[in-house]
Amino acid sequence: MKKADIIAADIGSTITKVSAFAGLGGGGRARFLGQGLGLTTVLEGDVAKGLAAARKDLEGRLGVDTTGAVMMAASSAAGGLRMTVHGLTRDMTLRAAREASLGAGAIVTFTTAGRMSSDDLEEIRRIKPNIILLAGGVDYGDREIVTANARSLASLNLDTPLIYAGNIAVSGEIRRLFESAGVQVFIVENVYPRIDELNIDPVRKVIQDVFARHIVTAPGMGTIREMVQDDIIPTPGAVMRSTEILAETLKDVMTVDVGGATTDVHSVTDGSPELLKLMIAPEPRSKRTVEGDLGVYINAPRIVEAAGSELGQVEDVRPIPDTARERENSARLARWAVDISIWRHAGELRVAYGAYGRNEVIVGRDLSAVRHVIGTGGALTRLGMGKEILQHIKPDPRKSKLLPPPDAAVHLDRYNIMAAGGVLSRRYPKDARQLLIESIGCGKDYLKHFD
């Protein structure tokens, strides 16, 4: 029987995975031993049952001894943090704040731009967010609107943590305002400190810290929290971290993660240098979009609806497909989930008319410099169609969508460890890099970069 030193759990909305590893932190070659699967048991009132089932599968089916192994974990089983975001202008600070939220376990449920109204405040009361993000103004710019919004939010008397990531010139005043109102407040660097500059990492870190506390609200998660080393981190943040690790070697990278409830797209790229001058707003190097309506199990009917008549009805959908028909149906859904999610993630080239006539501008994410497309999640890695799906992303006949080029290399996360890799990287960054490179099948030519 193989002996595991570390096991990394990924507790998803439908499936719980437990991946086993040996040799981490020892100076030698880290090894992936196998992965056990179990159905996530939120509806049974205890997600720890699904974790136990996945661990039992790992031990029984694959012969991996996990006795005494250190456990680390990522999860999205409690759902994302309900988050409201409030900025000064929709195209600048509000957009920057939204970028910071995605990839950190947050679901943005409501946004405002400019001075908040009484209707805005009532909507926040109704939503009862888990966290509020307030931004506004470049550093030493406008003060009036962001301080007015702070007073309005403080007046709600909500027991909700608030992150302030706006004009640094009023950060002290805003801290005192919320502290006097009994609101937990986190002051971080401005998400939009200067024109055309995004600074989203400080906000992401705080959101992930709040997520780590929130995640224990899933039934049974408190028990798991006592079992794991370090905090339980959001699965989207873990996958993004793995994508960033791979981009350190592969350069411009995109990861598509097709799950039972959502499809997430993560890209790490600066875009094409030739098109950079056409950008009308800055984009972060690392970007994630989550499509909450594109899951191949929980949201299968929504994929069918989004695809229209081209897909037709899909029946016999299971969280872990077993029969040939079930696998075929899941693969059909995955194909559409990939195409739709990438099209939503990608920006486009548009024509604008101004004082100097006709001009071309880029709105959104430029994926044209992406050289590596990675597929993860069971629907892409376990059904036998993942590589073919990613090699045939739906093209744009108008040539306006800024999609990855047709000759971009396609890789599958064969071990299905993108989330586990992000978790492991917190303590074992070199080993995590090695394991991820091996999982996507890039071989020794890439491994030599960190030997």
Side-chain angles (χ1 to χ4, degrees), residues 8-19 32 35-40 50 54 73-77 79-80 102-103 105 233-243 246 253-267 288-300 302-303 314 317-322 326-342 344-345 372-393 410-423 435-436 439-441:
D10 176 15
I11 305 163
S13 300
T14 56
I15 303 295
T16 293
K17 304 188 289 286
V18 176
S19 303
F32 170 69
Q35 184 177 86
L37 303 177
L39 295 178
T40 300
S75 179
S76 55
L102 294 169
I233 66 173
T235 297
V239 176
M240 174 59 84
R241 180 59 193 139
S242 287
T243 305
L246 289 169
V253 172
M254 182 178 75
T255 297
V256 186
D257 183 1
V258 180
T262 71
T263 295
D264 298 354
V265 181
H266 308 255
S267 60
R288 167 188 172 245
T289 51
V290 55
E291 306 305 335
D293 59 334
L294 300 179
V296 296
Y297 175 58
I298 291 176
N299 283 314
R302 293 191 177 185
I303 296 179
V314 179
V317 179
R318 299 288 184 271
I320 303 179
D322 184 33
E326 291 169 1
R327 288 193 293 272
E328 179 186 352
N329 286 338
S330 292
R332 291 170 60 206
L333 291 166
R335 181 182 296 279
W336 279 95
V338 166
D339 284 345
I340 296 170
S341 63
I342 291 176
R344 291 178 182 175
H345 187 83
H372 297 270
V373 178
I374 300 166
T376 191
L380 291 179
T381 63
R382 300 188 184 280
L383 297 180
M385 293 284 291
K387 205 158 190 177
E388 193 270 341
I389 288 172
L390 292 172
Q391 285 171 334
H392 297 89
I393 297 169
V410 169
H411 315 274
L412 290 184
D413 174 22
R414 297 174 299 167
Y415 303 157
N416 202 9
I417 59 167
M418 290 289 281
V423 172
L435 289 163
L436 288 165
S439 183
I440 66 172

Peer 1: Can you name the nearest heavy-atom pair linking S19 to Q35, along with the distance?
Peer 2: OG-NE2, 2.8 Å

Peer 1: Give the minimum heavy-atom separation between R318 and S330, together with the two atoms involved.
Peer 2: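 That would be O-OG, 4.3 Å.
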
Peer 1: Which heavy atom of I298 sits nearest to which heavy atom of A261, and what is that distance?
Peer 2: CD1-CB, 4.0 Å

Peer 1: In Å, rounded to the nearest 0.5 Å, how long is the span from CD1 of I374 to OG1 of T381?
Peer 2: 13.0 Å

Peer 1: Go through M418 and H266 one step at a time and tell me if the side-chain contact (heavy atoms from CB on, under 4.5 Å) criterion holds.
Peer 2: CA-CA 11 Å; M418 290 289 281; H266 308 255; over 6 Å; no

Peer 1: Quick one: does P321's side chain get under 4.5 Å of L383's, heavy atoms only?
Peer 2: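 A side-chain contact exists here, since the closest heavy-atom pair is under 4.5 Å.
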
Peer 1: State, yes or no, whether a side-chain contact exists between R335 and M385 at a heavy-atom distance under 4.5 Å.
Peer 2: yes

Peer 1: Let me see the working for D413 and S439 under side-chain hydrogen bond (donor to acceptor under 3.5 Å, both in side chains), right down to the final yes or no.
Peer 2: CA-CA 5 Å; D413 174 22; S439 183; 2.4 Å; yes

Peer 1: Supply the atom-to-atom distance E291 CD to R344 CZ, rounded to the nearest 0.5 angstrom.
Peer 2: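 Between atom CD of E291 and atom CZ of R344 there are 4.5 Å.
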
Peer 1: How about R382 and N416: do any of their side-chain heavy atoms sit closer than 4.5 Å?
Peer 2: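 They are in side-chain contact.
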
Peer 1: So I417 and L435, side-chain contact (heavy atoms from CB on, under 4.5 Å) or not? Walk me through it.
Peer 2: CA-CA 9 Å; I417 59 167; L435 289 163; 4.1 Å; yes

Peer 1: If you compare all heavy atoms of S242 against all heavy atoms of L436, which two are closest, and at what distance to 0.1 Å?
Peer 2: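 The answer is OG-CD1, 3.6 Å.
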
Peer 1: Would you please say whether a donor-acceptor pair under 3.5 Å links the side chains of T40 and T14?
Peer 2: no

Peer 1: To the nearest 0.5 angstrom, please state how far the CE atom of M254 sits from the NE2 atom of H345.
Peer 2: 7.0 Å

Peer 1: Please check if atom CZ in F32 has more than 12 non-hydrogen atoms from other residues, nucleotides or ligands closer than 6.0 Å.
Peer 2: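 Atom CZ in F32 is packed in, count exceeds 12.
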
Peer 1: Quick one: does T16's side chain get under 4.5 Å of L39's, heavy atoms only?
Peer 2: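 Answer no - side chains too far apart.
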
Peer 1: Taking only residues at least two apart or on different chains, which pairs with a member in residues 8-17 satisfy salt bridge (charged side-chain N to carboxylate O under 4.0 Å, His left out)?
Peer 2: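 For residues 8-17: D10-K17.
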
Peer 1: Between S341 and V256, which heavy-atom pair has the shortest distance, and what is it?
Peer 2: OG-CG1, 4.3 Å

Peer 1: R288 side chain to S267 main-chain N or O, any donor-acceptor pair under 3.5 Å?
Peer 2: no

Peer 1: Near R414 CZ, under 6.0 Å, is it more than 12 heavy atoms from other residues, nucleotides or ligands?
Peer 2: yes

Peer 1: Starting at CZ of R332, measure out to CD1 of I389 and round the result to the nearest 0.5 Å.
Peer 2: 11.5 Å

Peer 1: By side-chain hydrogen bond (donor to acceptor under 3.5 Å, both in side chains), which residues pair with T263, not counting sequence neighbours?
Peer 2: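 So T263 forms no side-chain hydrogen bond (donor to acceptor under 3.5 Å, both in side chains) with any residue.
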
Peer 1: Could you measure the distance from the CG atom of D257 to the CG atom of D264? Nearest 0.5 Å is fine.
Peer 2: 5.5 Å

Peer 1: So how far is it from R241 CZ to T243 OG1, rounded to the nearest 0.5 Å?
Peer 2: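 Reported to 0.5 Å precision, the distance equals 10.0 Å.
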
Peer 1: Using every non-hydrogen atom in the two residues, find where V18 and A54 come nearest and quote the distance to one decimal.
Peer 2: CG2-CB, 3.7 Å

Peer 1: With respect to L333, which candidate in V338, L294, V317, V258 satisfies the side chain to side chain contact (heavy atoms under 4.5 Å, CB included) definition?
Peer 2: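 Exactly one pass, corresponding to V317.
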
